[in-house]
Structure formats: C-alpha cells, structure tokens
Novice: 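Encoded as structure tokens, here's the structure I'll be asking about.
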Amino acid sequence: ERIGKIYNDAGFEFVYFGETHTQFAVSPNGLVSFDVPNIIGVSHQEVTLIPNNVFIKTIMGPYQDLFSKPIQPHNEFIYYQTVGTAPERKLIVGWCEAPMFGCPSLKVTYKIVLNESTNNIVNHILSKPECDYLQNRATHGLNYNDDLGVVVPGRNGVSWISANESWLFEPNGTDNYSISSIDFNPE
C-alpha cells in the first residue's frame with residue numbers, strides 16, 4: 001500500500017524503547033517514527049546524529065536527504081504493508097528506487113521491517129549509492145530522544161555507501177538494542 005495518509009496504523013502493537021505503539025509516520029527521508037503526530041511536518045535536510053531531539057522515537061534507516069519538495073509526489077516511491085497473522089505479523093515500510101536529493105539520477109532502495117512478537121527491527125538496504133550532496137553523509141540507527149539512541153557502527157552522520165546488506169536491531173531491555181549484521185534476505 002502506498003503512503004496516502006500522514007500517519008498509519010501498524011495493525012498490531014509494537015514496543016519501541018519500552019513504549020507500546022500502534023501508529024507510525026513515514027518521512028520521505030528514510031524515517032519511520034512513532035512520535036505521532038509530533039513528527040508530522042518536521043522537515044530537516046541536514047545530517048542529524050544519534051541521539052538527537054529532532055527525530056524523537058524514530059528509526060533512521062538510513063536518514064539522508066531524498067527527493068525534492070513538495071512531498072506529495074513522492075508517494076510513488078514509499079510503501080508499507082502489514083503481512084502475516086497474529087502473533088507473527090510484520091510491518092514492512094519501504095523506499096523503492098527513490099531519487100536522492102542533489103543526485104536525482106541515483107536511487108536508494110531499502111526496507112524497515114517491524115516484527116510483532118519479538119519487537120525486533122530488521123533493516124534491508126538494497127542500494128544506498130554515493131551522492132556528493134551534503135558530502136554523502138547519512139545516519140543509520142534508532143533514536144529515542146536527545147539522550148538515548150543506538151547507531152550502526154561507522155554510520156552516525158558520516159559518508160558511507162551500501163548494497164545488499166541487512167541489519168538486526170534486537171531489544172536488550174527497555175533502553176537499549178543489540179545491533180548485528182545478518183544475511184541479506186529481504187522480505
């Protein structure tokens with residue numbers, strides 16, 4: 001399903017940093033946020049490090065400036081779908097061949113998958129090419145607030161590229177996640 005609303009129902013309860021959520025919002029810049037409705041309308045093109053108070057309760061998978069304004073025409077590149085049956089449902093949010101701002105001929109494709117029972121987050125990156133705009137800097141990880149977040153090593157507002165890789169974020173208590181690289185096997 002294409003993103004047609006400002007925020008959407010996940011179809012199940014999902015626990016993020018110890019808080020239960022049923023709704024999510026999506027940013028064209030690679031963000032899934034549970035800070036509904038406060039995240040709506042937040043536009044920030046500059047590189048933002050984890051932790052931060054700009055993207056509260058937000059998965060940055062990865063966060064990098066995509067598209068050009070206005071936002072509405074970009075719905076063709078962003079989709080979501082809840083699949084499976086309780087208690088093993090998954091919410092899949094994806095950016096498919098989305099043009100990078102400053103390098104519109106370059107495309108990113110990645111998915112963020114929320115798993116119902118385990119509250120694990122899986123992030124599949126099919127393509128994140130290098131774009132000189134903003135020195136190719138991007139942030140990849142989970143942000144809760146300006147004091148709490150976890151970042152994929154080597155990906156906190158620095159230049160990096162990626163293709164055909166997957167990352168697993170597993171809850172480790174209410175205020176931490178374990179991060180591990182896993183076999184690339186997108187949903």
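Just so it is clear, the model here is predicted, and its values are computed rather than measured.
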Novice: Kindly compute the distance separating CE (M60) from CG (N123), expressed to the nearest 0.5 Å.
Specialist: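 It comes to 12.0 Å.
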Novice: Is any side-chain heavy atom of L142 closer than 4.5 Å to a side-chain heavy atom of I50?
Specialist: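 When only atoms from C-beta onward are counted, I50 and L142 do not touch, as no gap falls below 4.5 Å.
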Novice: Please name the pair of heavy atoms, one in E13 and one in N119, separated by the smallest distance, quoted to 0.1 Å.
Specialist: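 Scanning both residues, the minimum pair turns out to be O-OD1, 4.4 Å.
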Novice: Check whether more than 12 heavy atoms from other residues, nucleotides or ligands sit under 6.0 Å from atom CG of N164, and answer yes or no.
Specialist: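 Yes, the 6.0 Å shell around CG holds more than 12 heavy atoms from other groups.
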Novice: Using every non-hydrogen atom in the two residues, find where I56 and S33 come nearest and quote the distance to one decimal.
Specialist: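 Of all heavy-atom pairs spanning I56 and S33, the closest is O-OG, 3.3 Å.
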Novice: Would one find more than 12 heavy atoms of other residues, nucleotides or ligands at under 6.0 Å from atom CG of L148?
Specialist: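 Yes, enclosed.
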Novice: Taking atom CG of N136 and atom CG of L106, what is their separation to the nearest 0.5 Å?
Specialist: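 The CG atom of N136 sits 9.5 Å away from the CG atom of L106.
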Novice: Do you know which of I125, V122, I92 makes side chain to side chain contact (heavy atoms under 4.5 Å, CB included) with K111?
Specialist: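 Single side chain to side chain contact (heavy atoms under 4.5 Å, CB included) partner of K111 among I125, V122, I92: I92.
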Novice: Could you check whether K90 pairs with E116 (Lys NZ or Arg NE/NH1/NH2 to Asp/Glu carboxylate O, under 4.0 Å)?
Specialist: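 A salt bridge is absent here (no side-chain N lies under 4.0 Å from a carboxylate O).
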Novice: Just verifying a value: how many Å separate Q81 CD and L91 CG, rounded to the nearest 0.5 Å?
Specialist: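 Between atom CD of Q81 and atom CG of L91 there are 9.5 Å.
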Novice: If Ile, Leu, Val, Met, Phe, Trp and Tyr residues are connected whenever their side-chain heavy atoms lie under 4.5 Å apart, and connections chain through other members, are V15 and V93 in the same group?
Specialist: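 Different clusters.
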Novice: Between OG of S127 and CD1 of I161, what distance do you get to the nearest 0.5 Å?
Specialist: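 If I round to the nearest 0.5 Å, the distance is 9.5 Å.
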Novice: Kindly assign one of parallel, tilted or perpendicular to the pair F34 and Y16, based on the angle between their ring planes and the thresholds 30° and 60°.
Specialist: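 Tilted: the ring planes of F34 and Y16 meet at 30° to 60°.
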Novice: How close do N156 and T139 get, heavy atom to heavy atom, and via which atoms?
Specialist: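 Looking at all heavy atoms of both residues, the closest pair is OD1-CG2, 3.5 Å.
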Novice: Verify side chain to side chain donor-acceptor pair (under 3.5 Å) between Q23 and D9, making sure each step is shown before the conclusion.
Specialist: CA-CA 4 Å; Q23 295 183 321; D9 290 316; 3.3 Å; yes
Novice: Where is the tightest heavy-atom contact between K128 and A138, given as atom of each residue plus distance?
Specialist: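 The pair with the smallest heavy-atom distance is CE-CB, 3.7 Å.
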Novice: Side-chain contact test, heavy atoms from C-beta onward, threshold under 4.5 Å: evaluate it for F77 versus P99 and give yes or no.
Specialist: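 They are in side-chain contact.
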Novice: Test side chain to side chain contact (heavy atoms under 4.5 Å, CB included) on E187 and V83; report intermediate values, then the result.
Specialist: CA-CA 10 Å; E187 270 71 10; V83 298; 5.9 Å; no
Novice: Look at R155 together with E165 and state whether they make a salt bridge at an N to O cut-off of under 4.0 Å.
Specialist: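 Yes, R155 and E165 are salt-bridged.
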Novice: Going by ring pair (Phe, Tyr, Trp, His ring centres under 6.0 Å), Y144 matches just one of F55, F17, Y177. Which one?
Specialist: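 Answer to the ring pair (Phe, Tyr, Trp, His ring centres under 6.0 Å) test with Y144 among F55, F17, Y177: F17.
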Novice: Which value, rounded to the nearest 0.5 Å, describes the distance between T58 atom OG1 and L31 atom CG?
Specialist: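 Those atoms lie 6.0 Å apart.
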Novice: Is there a path of hydrophobic side-chain contacts, each under 4.5 Å between heavy atoms, that joins L126 and W167?
Specialist: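 No; tracing contacts between hydrophobic side chains, which count when under 4.5 Å, never links both residues.
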Novice: Between L168 and I179, does the side chain to side chain contact (heavy atoms under 4.5 Å, CB included) criterion hold? Intermediate values first, please.
Specialist: CA-CA 6 Å; L168 173 64; I179 304 171; over 6 Å; no
Novice: Hey, do the aromatic rings of H140 and W160 have their centres closer than 6.0 Å?
Specialist: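 They qualify: ring centres under 6.0 Å apart.
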Novice: For the aromatic rings, using the six-membered ring if either is Trp, is the centroid distance between W95 and Y110 under 6.0 Å?
Specialist: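 Yes; Y110 has its ring centre under 6.0 Å from that of W95.
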Novice: Could you pull out the closest heavy-atom pair between D65 and Y133, with the gap in Å?
Specialist: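 Scanning both residues completely, I find the closest heavy atoms to be OD2-CE2, 3.4 Å.
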Novice: Identify the heavy atoms of C131 and G102 that sit nearest to each other, and give their distance.
Specialist: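 The pair with the smallest heavy-atom distance is SG-C, 4.1 Å.
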Novice: Check whether any side-chain heavy atom of S178 lies under 4.5 Å from a side-chain heavy atom of F169, and answer yes or no.
Specialist: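 No. Closest side-chain heavy atoms not under 4.5 Å.
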Novice: Assert yes or no for the condition that the ring centre distance of F14 to F24 is strictly below 6.0 Å.
Specialist: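 No; F24 has its ring centre 6.0 Å or more from that of F14.
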Novice: Please indicate whether Q135 has more than 12 foreign heavy atoms, meaning atoms of other residues, nucleotides or ligands, lying under 6.0 Å from its CD.
Specialist: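 Yes, the 6.0 Å shell around CD holds more than 12 heavy atoms from other groups.
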Novice: Can you list the steps and then say if N53 with N145 is a side chain to side chain contact (heavy atoms under 4.5 Å, CB included)?
Specialist: CA-CA 5 Å; N53 64 357; N145 60 26; over 6 Å; no
Novice: Give the C-alpha distance, both sets of side-chain angles, the deciding distance and a yes or no for side chain to side chain contact (heavy atoms under 4.5 Å, CB included) between N52 and D146.
Specialist: CA-CA 4 Å; N52 68 73; D146 60 349; 5.8 Å; no
Novice: Which distance, rounded to the nearest 0.5 Å, do you find between the CG of D35 and the NE2 of H21?
Specialist: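 Separation between the atoms: 8.5 Å.
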Novice: Check this for me: does any side-chain nitrogen of one of E97 and K107 sit under 4.0 Å from a carboxylate oxygen of the other?
Specialist: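 Salt bridge between E97 and K107, a charged N being under 4.0 Å from a carboxylate O: no.
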